[in-house]
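For reference, the structure is listed below as structure tokens.
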Amino acid sequence: MLPPIDTIIENFEIVEDDDMRLEYLIELGRALPPMPEPLRNEANRVHGCESQVWIDTAAEGAGPERRLKLQGFSDSFIVRGFVALMVALYTGKTPREAAETDGLDLFRQLRFGSHVTSKRSNGVRAMAERIHQDATRLAAAG
């Protein structure tokens, strides 16, 4: 089970060693709840990632109580950690809150910029854009 995003941020702030930060990221990927195989379909595939990535964004509940529930998976251990960060960041937000959240800001805050290859950085950007689009669509649907 993934810890709350605030706990994840605190843990990254404590760890200064790049290897330990990478190890923690991989650990988060391992803690990511399994994504059911039927959801690993083309509609949920995130394009723009070097690794294969799937993210399913759904809203649960009704009216102002609707909250996002994200599920995700990647075939790469490191990228799965990035997926876990996105799931922890957005799950539980209303669609409108999620649409107003900048997923890339989390990666800047956690200081991943200089330690992530440009291809992985493009993948993170693709994930953030995909979730933003899904959240915007769900917010408009009411």
Side-chain angles (χ1 to χ4, degrees), residues 1-61 63-141:
M1 184 164 168
L2 286 175
I5 192 63
D6 291 339
T7 302
I8 292 171
I9 292 169
E10 288 172 13
N11 289 341
F12 272 111
E13 288 173 350
I14 292 169
V15 179
E16 292 293 326
D17 180 72
D18 289 342
D19 289 337
M20 290 181 70
R21 290 169 58 82
L22 188 60
E23 193 172 311
Y24 181 56
L25 182 68
I26 292 170
E27 183 181 315
L28 288 172
R30 288 186 181 123
L32 189 64
M35 182 179 201
E37 193 69 40
L39 292 178
R40 294 186 209 171
N41 57 43
E42 190 59 30
N44 288 332
R45 189 166 170 264
V46 178
H47 298 276
C49 297
E50 183 177 4
S51 303
Q52 292 196 63
V53 175
W54 295 270
I55 294 178
D56 179 65
T57 308
E60 296 182 331
E65 300 301 316
R66 281 180 7 140
R67 301 288 172 182
L68 292 185
K69 178 182 178 192
L70 272 71
Q71 296 181 75
F73 180 79
S74 175
D75 59 352
S76 160
F77 289 117
I78 293 172
V79 176
R80 194 176 312 155
F82 290 138
V83 172
L85 288 174
M86 289 289 171
V87 169
L89 177 64
Y90 286 102
T91 293
K93 291 186 181 304
T94 66
R96 187 167 314 287
E97 289 170 339
E100 295 170 356
T101 299
D102 181 359
L104 291 177
D105 188 53
L106 174 64
F107 288 88
R108 287 186 288 269
Q109 180 182 353
L110 297 178
R111 301 182 319 270
F112 276 118
S114 61
H115 307 294
V116 176
T117 65
S118 62
K119 288 182 180 182
R120 282 202 182 113
S121 180
N122 289 339
V124 168
R125 184 173 287 103
M127 281 187 259
E129 288 173 1
R130 166 64 182 273
I131 295 167
H132 176 78
Q133 290 170 358
D134 289 349
T136 301
R137 177 181 45 79
L138 289 167

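Quick caveat, the model's predicted, so the values are computed rather than measured.
- Partners of R40 according to the side chain to side chain contact (heavy atoms under 4.5 Å, CB included) rule, which considers only residues two or more places apart in sequence or in another chain, are M35, E37, W54, F73.
- Side-chain contact check for D56 versus P36: every heavy-atom pair is 4.5 Å or farther apart.
- Annotation: the span from K93 atom NZ to R66 atom CZ amounts to 16.0 Å, rounded to 0.5 Å.
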Exercise for review: Evaluate the side chain to side chain contact (heavy atoms under 4.5 Å, CB included) criterion for residues R67 and E60: first the C-alpha distance (whole Å), next the side-chain angles of each, then the deciding distance (0.1 Å), finally the verdict.
Suggested key: CA-CA 5 Å; R67 301 288 172 182; E60 296 182 331; 5.7 Å; no

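- The main-chain N or O of L70 is found under 3.5 Å from a side-chain atom of T91 such that the two form a donor-acceptor pair.
- Taking CG from L22 and CZ from F77, the interatomic distance works out to 12.0 Å, rounded to the nearest 0.5 Å.
- Side-chain atoms of Y90 and I55, non-hydrogen and from C-beta on, never get closer than 4.5 Å to each other.
- Between D75 and R80 there is no salt bridge, since none of the side-chain N atoms of the basic residue sits less than 4.0 Å from a carboxylate O of the acidic one.
- The side-chain heavy atoms of Y24 and D17, taken from C-beta on, include no pair separated by under 4.5 Å.
- Taking all atoms of both residues into account, the shortest heavy-atom contact from S51 to V79 is OG-CG2, 3.7 Å.
- Shown here is E23, whose CD atom has no more than 12 heavy atoms of other residues, nucleotides or ligands within 6.0 Å.
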Exercise for review: I would like to know whether L85 and L25 meet side chain to side chain contact (heavy atoms under 4.5 Å, CB included); could you show each step before the answer?
Suggested key: CA-CA 8 Å; L85 288 174; L25 182 68; 3.8 Å; yes

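- One distance of note links CG of L32 with CZ of R30; it measures 12.5 Å at 0.5 Å rounding.
- Residues I8 and A88 approach most closely at CD1-CB, 3.7 Å, considering heavy atoms.
- Of the possible donor and acceptor atoms, none in the side chain of T101 sits under 3.5 Å from a partner among the backbone N and O of G103.
- A salt bridge links R111 with E16; the closest basic N to acidic carboxylate O contact falls under 4.0 Å.
- There is no side-chain donor-acceptor pair under 3.5 Å between R130 and H132.
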Practice item. Test side chain to side chain contact (heavy atoms under 4.5 Å, CB included) on L68 and T94 and set out the steps. Key: CA-CA 6 Å; L68 292 185; T94 66; over 6 Å; no

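- Between L28 and A84, the shortest heavy-atom distance links the atoms O-CB, 3.5 Å.
- Between the CD atom of Q109 and the CG atom of D102 there is a distance of 11.0 Å, given to the nearest 0.5 Å.
- In this structure, OG on S76 lies 8.5 Å from CD on E50, to the nearest 0.5 angstrom.
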Practice item. Please step through side chain to side chain contact (heavy atoms under 4.5 Å, CB included) for the pair M86 and V124, ending with a clear verdict. Key: CA-CA 9 Å; M86 289 289 171; V124 168; 4.2 Å; yes

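- In this structure, T57 OG1 and L138 CG are separated by 7.0 Å, a value rounded to the nearest 0.5 Å.
- In this structure, the side chain of N41 engages the main chain of P38 through a donor-acceptor pair within 3.5 Å.
- Side chains of V53 and M127 form a contact here, defined as non-hydrogen atoms less than 4.5 Å apart.
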